[in-house]
Amino acid sequence: MPFESFRVRHVVRDGEPGATAGVRSGKGQPVILVHGVGMAAEIWGPQIAALSQRYDVIAYDMLGHGGSDLPPREARLSDYADQLLALMDGLGVARAHLVGHSMGALVVLEFALSHPDRILSVAALNAVYCRSQEQRSAVEARAAALEKGGHLDTIDGTIARWFGDPVPERMAAAAATTRRLLGAVDPRGYQRTYGLFATSDEAHRGRLTQLRAPSLFMTGAGDPNSTLEMSRIMAAEAPNGRCEIMSGERHMMSLTAPEEVNKRLLGFLASTSEIDAKSFRRALGAFATGVTVVATNQRDGGPRGFTANSFTSVSLDPPLVLVCIAKTASSYAVFSEADSFAISVLAENQRDTSGLFASKAADKFERASWHASGNGNPVISGAAAWFDCRKHSLVDAGDHAILIGRVTDFGDTPANPLGYCRGAYVTFGLSQAALAAARPRVGAILENEDGILLLANGDRFDLPEGISLEPDSDPNSLNGTLRRLGVSAQLGFLFAVFEDPRSGAGSVSVYYRGALKSPVPQAAGLRVIPLDQIPWAGLRDDAIRSMLRRYVHERMEDTFGVYIGDAERGTVQALAKKA
Ligand SMILES: Cc1cc2nc3c(=O)[nH]c(=O)nc-3n(C[C@H](O)[C@H](O)[C@H](O)COP(=O)(O)O)c2cc1C
């Protein structure tokens, strides 16, 4: 792969203009390689060659190394992270996989924790973490020796630590390259960076739990200073961390075992773009749906059916709907051959029916109450709605097939539909049982195009309310109140549930949102008030004011949610965006 050299200008912390030198090769997602103390971008030669086959590989010289400018005198880890940020900005790289070695691993972790939105993944090779007292004393002694005697005197010791003494034959070439780079580094850059390296092993203590991106911690089993225990601990602390240990390798494994390191790096990088099935399902589960039973007749005439929440309306003209059926469903063959089928939208009291048809039970239809549609397909009795369909098409789609039906007949009932969200059944209205148990006050925000209905009494304005929802015959219930006032309305979604401490402990108020079905009678006190003229001061209390303010806001925005909480605090759980 050909590569190009670059030099990106930026400003160092002390205000001095600086520049970063490096090379770039390949196409694909960006992978940035950050070397360790005393090295330079060229140490990554074997990784650049292998990774650039699939990725846009960028290797650069760290501050104070190779062709890059010096760090400030009192160098900080953030200076090196800032260098990386400036480089990405300068090269127009929005997000990248980061691979760091030793000091470079500290830099990429620092960057990942400070700029999580700029990374795709992090690989920390031969990284140090929370050294033991003994390890810390040794590295501090080396830093002091470096300051006193200059770095050329320390090279033999470094080679012995990184490769062994004597250097094994198979590592001789790698050791020679390393020795050459150590000899060429700017002594000031080396010293400043080494001093920082010696004291930064605690920089990420307790912070790796915030590293959400996929992360790899890999070291050599024989690396005495970046130990396998350190990598294991880091991987365990990072939520998406994984640890790999290379047996028989030491500190410079990317140079002494390049093929194995490249294979593992490529494996890790590939794994970061695979979709994690569990997370995918969890994210899909946020989409709230209804629940249906799809049913047909097999060739011998026996009914077959399964629970499906993948139901979707497709077209009004012609009238088309769809459901997706898993190829693993035992009724897949039957449905893929069926000429017609019926879809029943289950009502909120039909959870058991949903469970029954989601099972492999042989006697589903004996245990359910159903009747035949015009096309002879089973329709679940008491469903909120049903659609009788002739097969329009069957579309292959991964591990499912999309069954598209042309609706030939349909029906609906006032029953509340059953909902399904995040792997659990939900209901869109409060059940009568829950209402009875909570004994809430029940009110309604009833709207038409002109505004909402308020009951005026002098300066005081109230929403229509009752001590219960029903029955109509009870003049104290909400429905009874509306009837008494001659107001015709259709209650829709639950809008708010809150505890109001002023009305006594445990007192719950429940408000529905609904539509005024016909013009409001011209009776004393009945007023439809435009949203921008609501008499806020005349409302009963802060709980009502706060709820109505939310209503007005959401109606302007056109989003509706359910409010659950008390008069002061609460969360809004969004239900639907008005079509
Ligand atoms: C709430 C819910 C929704 C479901 N949605 C679907 C769906 O859309 N498509 C599907 O193939 N299976 C879906 N299933 C799973 C099937 O109902 C289940 O695999 C069933 O056993 C299939 O019946 P069969 O094996 O008799 O064909 C769902 C299950 C539940 C509980």
Side-chain angles (χ1 to χ4, degrees), residues 275 277-315 320-370 377-389 391-407 410 415-429 431 575-576:
I275 286 199
K278 216 164 124 197
S279 319
F280 186 44
R281 265 173 197 264
R282 195 175 52 226
L284 290 175
F287 184 62
T289 65
V291 184
T292 69
V293 166
V294 188
T296 190
N297 294 303
Q298 57 194 24
R299 283 229 173 101
D300 69 7
R304 295 295 295 264
F306 69 101
T307 300
N309 70 335
S310 54
F311 171 76
T312 302
S313 60
V314 176
S315 159
L320 301 178
V321 294
L322 69 78
V323 285
C324 300
I325 177 165
K327 289 178 184 169
T328 50
S330 46
S331 54
Y332 175 72
V334 173
F335 278 94
S336 57
E337 285 169 9
D339 294 331
S340 69
F341 53 89
I343 301 172
S344 302
V345 178
L346 296 184
E348 65 179 359
N349 60 354
Q350 292 184 314
R351 293 176 187 212
D352 291 351
T353 311
S354 171
L356 176 64
F357 281 88
S359 74
K360 300 272 174 207
D363 58 350
K364 294 180 185 182
F365 287 89
E366 277 130 62
R367 289 158 60 192
S369 161
W370 59 278
N377 295 307
V379 168
I380 303 297
S381 304
W386 56 271
F387 303 90
D388 201 11
C389 306
K391 176 170 159 182
H392 175 271
S393 52
L394 184 77
V395 182
D396 186 69
D399 54 10
H400 280 60
I402 306 170
L403 191 55
I404 303 180
R406 185 183 179 119
V407 178
F410 66 93
N416 267 335
L418 180 61
Y420 193 72
C421 186
R422 299 213 150 109
Y425 295 111
V426 292
T427 49
F428 297 113
S431 71
L575 276 179

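Numbering of ligands and ligand atoms starts at 1, following listing order.
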Within less than 4.0 angstrom of ligand 1, does Phe357 place any heavy atom?
yes
Can you list the residues that meet the ring pair (Phe, Tyr, Trp, His ring centres under 6.0 Å) rule with Phe357, with sequence neighbours excluded?
Phe365
In the structure I gave you, are the side-chain heavy atoms of Leu322 and Leu403 within less than 4.5 Å of one another anywhere?
no
Roughly how far, to the nearest 0.5 Å, is CG of Asp399 from NZ of Lys327?
7.5 Å
Restricting to heavy atoms, the pick from Thr307, Val291, Thr289 nearest atom 6 (C) of ligand 1 would be Thr307
Work out which heavy atom in Val426 is nearest to a heavy atom in Tyr420; give both atom names and the distance.
CG2-N, 3.8 Å
So is there a nitrogen or oxygen of Ala326 less than 3.5 Å from a nitrogen or oxygen in ligand 1?
yes
Report the nearest protein non-hydrogen atom to atom 8 (O) of ligand 1: residue, atom name, distance rounded to 0.1 Å.
Ser310 OG, 2.6 Å
As an exercise, identify every atom of ligand 1 less than 4.0 angstrom from a heavy atom of Phe306.
9 (N), 10 (C), 11 (O), 22 (C), 23 (O)
Residue, atom and distance of the protein heavy atom nearest atom 27 (O) of ligand 1 read Ser331 OG, 2.4 Å
What atoms in ligand 1 come closer than 4.0 Å to a heavy atom of Lys360?
21 (O), 25 (O)
With a 4.5 Å limit on heavy-atom distance, are the side chains of Asn377 and Val379 in contact?
no
Lys364, any N or O under 3.5 Å of ligand 1 N or O
yes
Quick one: does Thr296's side chain get under 4.5 Å of Val334's, heavy atoms only?
yes
Identify all side-chain donor-acceptor contacts of residues 299-309 below 3.5 Å with residues at least two apart in sequence or on another chain.
residue	atom	partner	partner atom	Å
Asp300	OD1	Gln298	NE2	3.2
Asp300	OD1	Gly302	N	2.8
Asp300	OD2	Gln298	NE2	3.3
Arg304	NH1	Gln298	OE1	2.9
Thr307	OG1	Ser354	O	2.6
Thr307	OG1	Ala358	N	3.0
Asn309	ND2	Thr289	OG1	3.4

Contact with ligand 1 for Ile325, non-hydrogen, under 4.0 angstrom:
yes
Tell me, which protein residue and heavy-atom name are nearest atom 24 (P) of ligand 1, and how many Å apart are they?
Ser330 OG, 3.2 Å
Using heavy-atom distances, let me know which of Ala308, Gly290, Cys324 sits nearest atom 9 (N) of ligand 1.
Cys324
Report the C-alpha distance between Arg367 and Asp352 in whole Å, list the side-chain angles of each, state the deciding distance to 0.1 Å, and finish with yes or no for salt bridge (Lys or Arg N to Asp or Glu O under 4.0 Å).
CA-CA 10 Å; Arg367 289 158 60 192; Asp352 291 351; over 6 Å; no
Those atoms of ligand 1 less than 4.0 Å from some heavy atom in Ala358:
17 (O), 18 (C), 20 (C), 21 (O), 29 (C), 31 (C)
Atoms in ligand 1 flagged as close to Tyr420, the criterion being non-hydrogen separation under 4.0 Å
1 (C)
Less than 4.5 Å apart, side chain to side chain, heavy atoms only: is that true for Phe387 and Val345?
yes
Using only atom types and a distance under 3.5 Å, with no angle test, would you say the side chain of Ser359 pairs donor to acceptor with the backbone of Ala361?
yes
At under 4.0 Å between heavy atoms, what of Tyr332 touches ligand 1? The answer is neither
Ser359 neighbourhood, listing ligand 1 atoms whose heavy-atom distance to it stays under 4.0 Å
21 (O)
Got an N/O contact under 3.5 Å between Arg304 and ligand 1?
no
